[in-house]
Amino acid sequence: MNQDRLPQFYDQAEDVRRKFIQALPVIVFFLLLFYSVIFFFGMQYTMVVSLGTLLFQVNYKKQHTAGSLCVLIVQQLVLVVLAYIATWNLFLCIVLNLAVPFILIFAKTSQFNQLGYFSTLMTFTFLQFMPVDWKGFVVQFEAMCYCCAAVFLALSVYSSLNRRKSQIGTEMSCMRLLGTILEKNLDSLDISSELNELFSLQRRLYQEAYNERGRKHVVTAQGKLKYMFAILIQRTAYFVSTQNSIFPPSDEESRRYALSMGEYMKKAGEIDFLSGADTKELKREGRRLLHRAEQGRTDFYRTVSNFFRMYLFILHQAGKSDQDILDEHWEMPAKQKLKERILYRMRPDTFEMRFALRMSVVLTVGLVLNMTFDEGHSYWFVMNAFLLLRPMYEDSKYRMRTRFLGTAAGCLIITLILPFCTTVPAHLVFAGIMVACMYTATPGTIIHAVFVTCFALTMTTLAMGGNSVIFLRLAYVAAAVLFVLVVNRFLFPTSMGSQMRYNFQMLFHMHHMYLRILEDALTNPLDYWRICDAQIQYHMVHAQIREDYPKLEEDEQELKYFQKILSLTWRMASEIQQMFFHVKHKKRGTDARRIMEQYIYYSDYVLNQIQDMLHLKKEKRQKNIEGMKYQRYIEGEPELSTLMTLYARNLSRLYVHVLRRHQK
């Protein structure tokens with residue numbers, strides 16, 4: 001072997017070893033379930049093994065309670081029954097395959113969690129492939145219950161083990177990092193890498209808050225704590241990253257205080273303060289630092305005081321019960337829940353609507369064909385169509401290529417190996433080896449498709465001649481590729497490019513929504529659930545644009561152009577979010593309210609002009625600003641006036657930045 005290639009070979013071998021170790025729990029779970037289902041129920045019911053293993057694979061690294069596990073299992077069993085009903089006749093097949101995928105995608109999937117539907121919809125789809133009579137269904141249901149019991153037991157054990165491990169939460173990492181940033185700032189060291197990490201952690205906190213969506217409230221109690229801490233980190237990141245000379249402080253006393261604050265933050269980074277850990281000492285030390293900060297009169301001390309007030313409030317909230325954390329101000333009205341979470345998404349330009357329609361059509365057509373034709377392996381067509389149809393066109397296109405090439409290679413390998421596998425035990429042993437390789441390989445790659453094909457054909461050839469099965473497998477994969485290609489091109493197509501444009505549109509729409517919330521707060525109490533929902537949505541969209549845009553654009557100048565837009569809009573969002581709470585805490589006279597309203601209308605107008613230059617759809621609701629006086633200062637409210645000025649400056653910078661490109 002060429003000596004130059006040895007390091008590369010060893011790196012690849014190490015990568016395979018690492019992936020195998022990571023996949024080992026899933027491999028062991030599958031094999032134990034696979035052989036035991038064959039022993040207890042028969043080989044014809046092994047389909048449920050893949051469904052149970054997927055449920056385990058998706059959830060075994062998460063924290064679960066007995067209640068949440070029961071919900072997962074009940075969902076699976078209900079879908080088993082619905083899948084059986086869908087096989088009764090053609091009418092039920094069409095109705096249920098139009099309705100169930102649509103509902104599951106709407107309930108579990110979003111542009112931020114694009115595969116949330118997968119484990120549940122796979123159960124509903126795969127159990128329709130080979131229709132069974134009542135007696136067969138009873139055995140199938142028993143096999144699924146057996147798999148669900150194994151999932152429940154395995155996930156309970158893993159949740160218990162994960163709770164025992166000392167895990168560093170995102171909020172703990174944030175506090176440690178803030179301590180490091182303060183210390184490096186005091187020593188006049190470069191903190192750019194730490195700031196980038198802090199922004200990344202802030203986005204992760206919003207993601208974690210989004211994952212804690214509630215039924216009655218926008219978020220659960222844990223989600224509210226994550227959300228409040230995300231706001232705190234966002235504000236802190238804003239202040240330490242601006243050029244306003246707040247950090248580092250200049251006088252010696254303030255520097256000593258900042259050093260004490262940094263030590264406190266590092267100490268807080270050792271305690272899981274959002275998960276029930278003892279925080280008495282943290283609260284005591286935090287109140288002492290807050291008292292010292294309140295004695296100061298500079299912007300530095302005011303900023304630090306605001307930080308500690310909110311941080312101590314979060315610590316206080318974390319010690320309450322779930323019912324006390326989520327009061328009536330956080331409850332989402334039923335009418336708004338229907339409007340915001342369901343009706344708003346039921347438009348032809350939303351991610352969920354477009355993908356739900358595509359998937360429903362694909363499964364309906366595929367399963368109707370499967371029911372109509374007598375050929376025993378026609379389900380391979382709809383199975384591959386289901387696996388190839390992805391939310392994004394680019395991902396789907398990639399999988400079409402890798403699936404076909406991997407299937408062709410797998411068929412060739414099976415042709416060579418079949419003569420040596422003449423007994424049932426030989427087939428089962430080889431199938432087990434293929435399973436281990438399949439879960440080790442990266443999903444969606446050619447290698448993964450090879451092992452999937454080898455496993456499937458190994459099991460199928462036990463009951464049917466080898467050559468005919470191999471030909472059918474390749475033919476059905478080719479047909480599924482063509483079918484999905486047509487659907488992706490002509491039926492509500494969604495590409496990363498179109499989704500990116502939609503996200504930019506949403507980003508500016510959210511800024512208009514912030515202005516509407518600010519306007520409403522001048523006369524009405526704040527709806528905390530609305531602000532929470534808006535902020536989480538905004539930062540999730542912002543993070544997705546930042547993550548996906550480099551995949552679409554290779555030109556360095558274009559990337560810098562849009563990154564500056566993202567940077568300026570992030571600052572504007574940080575500033576207006578702080579305005580909400582300054583507006584909330586004080587009643588204003590007519591003149592002050594009029595100044596604020598005109599400021600909002602002018603900002604709204606400039607945002608619309610920017611959208612027009614970016615060729616984005618403008619907002620319909622827009623006030624006529626002719627004759628209005630623009631002012632960004634309110635007498636007697638220096639902090640609010642400062643925020644208004646900072647927001648206006650960043651809006652102006654954004655306008656100039658976009659205008660320069662527009663004029664070229």
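Positions are given from 1 along the sequence. Keep in mind that the numbers below use all heavy atoms, side chains included, and drop hydrogens, waters and symmetry copies.
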Residues two or more places apart in sequence or in another chain: which of them pass salt bridge (charged side-chain N to carboxylate O under 4.0 Å, His left out) with [X]?
X: Asp15; result: Arg18, Lys19
X: Arg399; result: Asp395
X: Asp612; result: none
X: Lys560; result: none

Expected list for residues 71-83: side-chain donor-acceptor pairs under 3.5 angstrom, two or more places apart:
residue : atom : partner : partner atom : Å
Gln75   : OE1  : Lys108  : NZ           : 3.2
Gln76   : OE1  : Thr123  : OG1          : 2.5

List for me each residue that meets side-chain contact (heavy atoms from CB on, under 4.5 Å) alongside [X], sequence neighbours excluded, and say none if there are none.
X: Arg660; value: Val656
X: Ser110; value: Phe112, Asn113, Tyr210, Glu352
X: Val361; value: Val365, Leu491

Item to check | Side-chain ion pair, Glu519 and Arg516, N-O less than 4.0 Å | outcome: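 Looking at Arg516 together with Glu519, the answer is yes, because their closest N to O distance falls below 4.0 Å.
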Checklist entry - Does Tyr605 OH have over 12 foreign heavy atoms under 6.0 Å away? => result no
Checklist entry - Got a sec, which pairs hit side-chain hydrogen bond (donor to acceptor under 3.5 Å, both in side chains) with one end in residues 47-57, sequence neighbours left out? => result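 Matches after skipping sequence neighbours: none remain.
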Next on the checklist: If the condition is side chain to side chain donor-acceptor pair (under 3.5 Å), which residues does Glu212 pass it with, not counting sequence neighbours?
Outcome noted: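 With sequence neighbours excluded, Glu212 shows a side chain to side chain donor-acceptor pair (under 3.5 Å) to Thr220, given in chain and number order.
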Checklist entry - Of all residues at least two apart in sequence or in a different chain, which pass the side chain to side chain donor-acceptor pair (under 3.5 Å) check with His512? => result Asp604, Gln611
Next on the checklist: Any heavy-atom pair between the side chains of Asn503 and Gln544 that's under 4.5 Å?
Outcome noted: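 Answer yes - side chains close enough.
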Next on the checklist: I need the full list of ring pair (Phe, Tyr, Trp, His ring centres under 6.0 Å) pairs touching residues 480-499, with sequence neighbours left out, sorted by first then second residue.
Outcome noted: Phe381-Phe483
